[in-house]
Amino acid sequence: MGEEIDKGATESRRVTRLIRLPEVQHRVGLGRSTIYRWMAEGKFPKPVQLGGYAVAWSEIEVEAWIADKVK
């Protein structure tokens, strides 16, 4: 009668928060120009398009980048 939920499919999904540029700048301590230059050079995670000109970064990717720099 009710639908069964595939627990394997739901557990494999990663829930992430999307963060906008001001928060990214605050977390990494870099300016807008440096972030965009490093993105072009492949040194910083790229954002996801939200629509129009709005973009945001995956919090998990930014945190992983920070952790890599701290090592």
If two hydrophobic side chains count as joined below 4.5 Å and joins carry through other members, does I60 share a cluster with I35? no
Show me the pairs that pass side chain to side chain donor-acceptor pair (under 3.5 Å) and involve residues 40-52, at least two apart or across chains. E41-K43
Is there side-chain contact between W65 and E61, with heavy atoms separated by less than 4.5 Å? no
Write down the atom of M39, the atom of P45, and the distance for their closest heavy-atom approach. CG-O, 3.4 Å
Check whether any side-chain heavy atom of L30 lies under 4.5 Å from a side-chain heavy atom of W38, and answer yes or no. yes
Which Ile, Leu, Val, Met, Phe, Trp or Tyr residues join V48 in one cluster when any pair of side-chain heavy atoms under 4.5 Å counts as a link? L18, L50
K69 side, atom NZ; I66 side, atom CD1 - distance, nearest 0.5 Å: 11.0 Å
The side-chain hydrogen bond (donor to acceptor under 3.5 Å, both in side chains) partners of R20 (sequence neighbours excluded) come to none
Same cluster for V24 and Y53 if Ile/Leu/Val/Met/Phe/Trp/Tyr side chains link at under 4.5 Å? no
Going by the rule side-chain hydrogen bond (donor to acceptor under 3.5 Å, both in side chains), which residues pair with E63 if we only count those two or more places apart in sequence or in a different chain? R27
Go through the steps for V28 and F44 under the test side chain to side chain contact (heavy atoms under 4.5 Å, CB included), then give the verdict. CA-CA 10 Å; V28 300; F44 195 79; 4.0 Å; yes
With the side chain counted from C-beta on, respond yes when W57 and T16 share a heavy-atom pair under 4.5 Å apart, and no when they do not. no
